[in-house]
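Below is one structure, written out as C-alpha cells; the observations come after it.
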2 protein chains.
Amino acid sequence: MVTIKDIAKQAGVTYGTVSRALNGEPGVSEKTRSRIKAIAEQMNYVPNLAAKRMVDRSSNCIGIIWPKIEGLFFYRLSERIQEEASRRGIRIMLSVAEPEDALSSFQEHFIDKVVHWVYSEQTAAFIAAKQSFPGTILEVGSRSAGEGPSLEIDRKGAVFKAVRHLAELGHERIAFVGARTDKWVGYTQGLVDFDREYHPDDIVMTRLSDPDMEAKILGYLSRDRNDRATAVIVDSQGMMFEFARLVHAAKVRIPEQLSLVGYDDVPELHRLLPVSITTVGPDIDTLANRLMDTITRADAAEDSTDRNDRIIEGVLTVRESTQPPFGM
Amino acid sequence: MVTIKDIAKQAGVTYGTVSRALNGEPGVSEKTRSRIKAIAEQMNYVPNLAAKRMVDRSSNCIGIIWPKIEGLFFYRLSERIQEEASRRGIRIMLSVAEPEDALSSFQEHFIDKVVHWVYSEQTAAFIAAKQSFPGTILEVGSRSAGEGPSLEIDRKGAVFKAVRHLAELGHERIAFVGARTDKWVGYTQGLVDFDREYHPDDIVMTRLSDPDMEAKILGYLSRDRNDRATAVIVDSQGMMFEFARLVHAAKVRIPEQLSLVGYDDVPELHRLLPVSITTVGPDIDTLANRLMDTITRADAAEDSTDRNDRIIEGVLTVRESTQPPFGM
DNA sequence: CTGTTAGCGCTTTCAC
DNA sequence: GTGAAAGCGCTAACAG
C-alpha cells in the first residue's frame, strides 16, 4: 500500500509537504504541488480514511440507506445523487441492509453523514440506532418529527396540482386510486378548492399489499362510462404498474376514455401504456441537488435554514395521458 | 470523548491492559477484566473504529459495484445478496459510481472483497484500477478473460433451454428479439439441435439504444400470422418492457397468437401483460448464494475450484405465456 | 498477569 | 515554502 511517505520519498520532500499539497492546503508552491499530485496519481495513491479520520473528523463520504419500497424512483434518484456527488468530489456508499444495520455499517466505515428516506413508521431498533449514531442523519420524505436536518416532499401539494390540471382541462369527476396518505389529502383538497363534486365511489382505496386491489380497480374500470370519472390519479409508481395492466385488461383507452396522472416520474412508466403518462411528484434533479446541499451544510448552519426551505415542491409534467374529457 | 486511556486512569492500570480486557484477549485476570468492563460501561466508552482499523486492517465487508445497465435484475439480486450476507454476518456496501471510482472508494474504506458485474467491454480506466486494487475482485456474468475469481452465467445455455421448451410444445417457427450475444448463439444452437428451420426473418436484431427498435419490432408483429413465428424469445428484461408495450399496440394476444419467453425473471415483468411470462435466466437465489460462497473463499483455495463449478446454469420457469401453437 | 512502547497514516503546529 | 515532529486511539509484541 502506497502512503504519503512513499510519495514524499519519490518527490524528495517530507511527507508533511505531501499532505499539504494533496489537500489543497496553502504553503506549497504550485510547482511542487502539481509535481506531487502527478506522482501520487502515477503511484495509485489512495488515502487512508482511517488515518485521516483519526486526526480531523471529516469524511467526504455520504452513506445512503436504501428504502425497502419506492423501488424504481429511488433507483433513479440514487443515480442522480451519485452524479451530483461526483461533481462535488464526494463519495457515495449505499446500503440495502436493515436501516439499523446500515447505520452501524456506516459507522464502522467512518461515514458520518447519512441520508435516510422516511416513508412509514420507523422501527424501535432503528430509532435506538439513530440515537447512538455519532454523525448527521438527513431525513428525506415525510414531514420529519425529529430535530435533525430534514427535507420534506410536498406530496399533498403535488397531488393537488394534479387535480388542478385535470380541473383546468375540464374534468368534472376525478377519481383517485391509492392509500389514505398525504397524497389523498391533496386530492380531497383539490376537489374542494376547484369545486368538484366529492363522489365516494370515485375513490379506490387500496395498496399493493391489498389482496382485493385487483378486484377493486377492475371493478371501477368496468363500470359504465357514465358512471365513473373521466380522469384518475394513481398515487404511486408501484400502483401504476398494476393499474396499467388492468387498464389493458379492461380495454379502457387512455386518454380517450380516461385521462391519467401518475405519481413519481420514472422512465419505466412510459413503457407501460401506448401513450406517455402525465406525472406529478418531486423533480429528481432538484431533489438530488437539494439533498446534497442540505447534507453537506448540515453541521454548518444547523438551524439557520427556514423551515420552508426544507420543502420540495411537486412538479407537474403534462404528457399524452391527459386530455380534455371526451366531447369537449 | 472517552478513550481507553481515561479508563486506564480510572481503573489504575495501563491502557494496554484495558485494550486486552475489552477485546477479550487472554492475559487479564477475570477480576480486573470485569472491573474494567464495568468502568468502560459506566463511562460510556465507545471504541474508536478508525484507530482500530489502522492497526488491524481487516473489514468483513464486501463491496459491490452497481452496473450501469441490467436495471431491475441487479436490483433484485442485490436484495438477495444482502439477505445472504446478513445471514453470514457479513456487511455489504454498494457503489453506483463509475467502476474505477467505486474501487478507490472501497479501498479507502478497507473493503478488500469486491463483486463486479461484467456485461460489456471494460474501460481502460477500470482495467488499470483493477490492476492496482489490493484486494480480490470477483467478476460475475460473462466468461471472464482474467485470472481472478469469476462466476459465469450460462446465458447461451439458458436461451437454448427456452428453444427446447418451445420446440417441445410444438412450435415450428421460433423468433428471437435482441442483440447478437451469447443468448443469440444459444438460440441458433437450439434451432439446429431441435431441427427447426432457420428463418432469417424471424430474427429481430436490435437493442435498446437502436433508434429503429420500435419500427423493427412493430414491423414483425404486424406481419400476417402465417408469415411469422408462433413463438418468440426476448433477450432481456429491458427489451421486454418495450416488447410488451408493442404487443399491446399491435394487438397481438399472448399466448393465443404468440408464445413468449423472456430472459431474466424479475417480478415487474409479470405486470406488463395480462398473463404471467415464462422466463429463463439464472435463479436469483442460487446466484446470490454461489456468489457469496465464491467471494468468501476467494483467498483460501484460489484455483482449487474446477472451471465447471464456476458456471451458473439458466433456469426455465414455465408460466402462462407459453402454450402449444394455435390449432394443436 | 500486567506494564511499556513502537508504530498504523495522517494533519497540524512550530521552526527554519 | 518546506522540514521536523507531536500526537490522534488503538493493537500487539515484548519485557518484566
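Atoms considered below: every heavy atom in the structure, side chains included; atoms not considered: hydrogens, waters and symmetry mates.
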Do Glu100(B) and Ser104(B) meet the criterion of a side-chain donor-acceptor pair at a distance under 3.5 Å?
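No.
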Just verifying a value: how many Å separate Ser105(B) OG and Leu49(A) CG, rounded to the nearest 0.5 Å?
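One gets 8.0 Å once the value is rounded to the nearest 0.5 Å.
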How long is the span from the CD1 atom in Ile284(A) to the CZ atom in Phe73(A), to the nearest 0.5 Å?
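Spacing of CD1 (Ile284(A)) from CZ (Phe73(A)) equals 4.5 Å.
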Look at the aromatic rings of Phe110(B) and Phe110(A) and report parallel, tilted or perpendicular, splitting at 30° and 60°.
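Perpendicular.
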List the residues meeting side-chain contact (heavy atoms from CB on, under 4.5 Å) with Val28(A), not counting sequence neighbours, and say none if there are none.
Thr17(A), Arg20(A), Ala21(A), Thr32(A), Arg33(A)
Output the rounded distance in Å from CG (Asn48(B)) to C1' (dG9(D)).
5 Å
Can you tell me how far P of dG9(D) sits from CZ of Arg53(A), to the nearest Å?
12 Å
With axes from five pairs an end, tell me the bend angle of the helix from dC1(C)-dG16(D) to dC16(C)-dG1(D), nearest 10°.
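Terminal axis comparison yields 40°.
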Test ring-ring contact (aromatic ring centres under 6.0 Å, His included) applied to Phe126(B) - qualifying residues, sequence neighbours left out:
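Once residues adjacent in sequence are excluded, the partners of Phe126(B) under the ring-ring contact (aromatic ring centres under 6.0 Å, His included) criterion are His116(B).
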Please find the earliest and latest nucleotides of DNA chain C, in the 5' to 3' direction, that have an atom within less than 4.0 Å of any heavy atom of chain A.
dG9(C) to dT13(C)
Can you run down the salt bridge (charged side-chain N to carboxylate O under 4.0 Å, His left out) pairs that involve residues 122-138 of chain A, sequence neighbours left out, and say none if there aren't any?
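The answer is Lys130(A)-Glu139(A).
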Which residue pairs satisfy the salt bridge (charged side-chain N to carboxylate O under 4.0 Å, His left out) criterion with at least one member in residues 84-94 of chain B, sequence neighbours excluded?
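Applying salt bridge (charged side-chain N to carboxylate O under 4.0 Å, His left out) to every pair that reaches into residues 84-94 of chain B, excluding sequence neighbours, yields Glu108(A)-Arg91(B), Glu84(B)-Arg87(B), Glu84(B)-Arg88(B), Arg88(B)-Asp293(B).
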Tell me, please, which residues at least two apart from Ser34(A) pass side chain to side chain donor-acceptor pair (under 3.5 Å).
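Testing Ser34(A) for side chain to side chain donor-acceptor pair (under 3.5 Å), a comparison that skips the adjacent residues, returns none.
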Quick one: list whatever passes side chain to side chain donor-acceptor pair (under 3.5 Å) with Arg35(B), sequence neighbours left out.
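So Arg35(B) forms no side chain to side chain donor-acceptor pair (under 3.5 Å) with any residue.
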List the residues meeting salt bridge (Lys or Arg N to Asp or Glu O under 4.0 Å) with Glu25(A), not counting sequence neighbours, and say none if there are none.
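Per chain and number, Glu25(A) pairs via salt bridge (Lys or Arg N to Asp or Glu O under 4.0 Å) with no residue.
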Does Asp285(A) have any salt bridge (Lys or Arg N to Asp or Glu O under 4.0 Å) partners at least two apart in sequence or in another chain, and if so, which?
Arg80(A)
Does anything in residues 29-40 of chain B reach DNA chain C, meaning a heavy atom under 4.0 Å, and if so which residues?
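Here the set is Ser29(B), Thr32(B).
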Reckon Pro47(A) touches a base, only the sugar-phosphate, or nothing at all at heavy-atom distances under 4.0 Å?
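Sugar-phosphate contact only.
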So Thr14(A), base contact, sugar-phosphate only, or nothing? Heavy-atom distance under 4.0 Å.
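Answer is base: heavy atoms of Thr14(A) come under 4.0 Å of a base.
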Sidechain N-carboxylate O distance under 4.0 Å for Glu98(B), Lys68(B):
yes
Summarise how protein sits on nucleotides 11-16 of chain D as a single string, 5' to 3': B when a protein heavy atom is under 4.0 Å from the base, S for sugar-phosphate-only contact, - for no contact.
BBB---
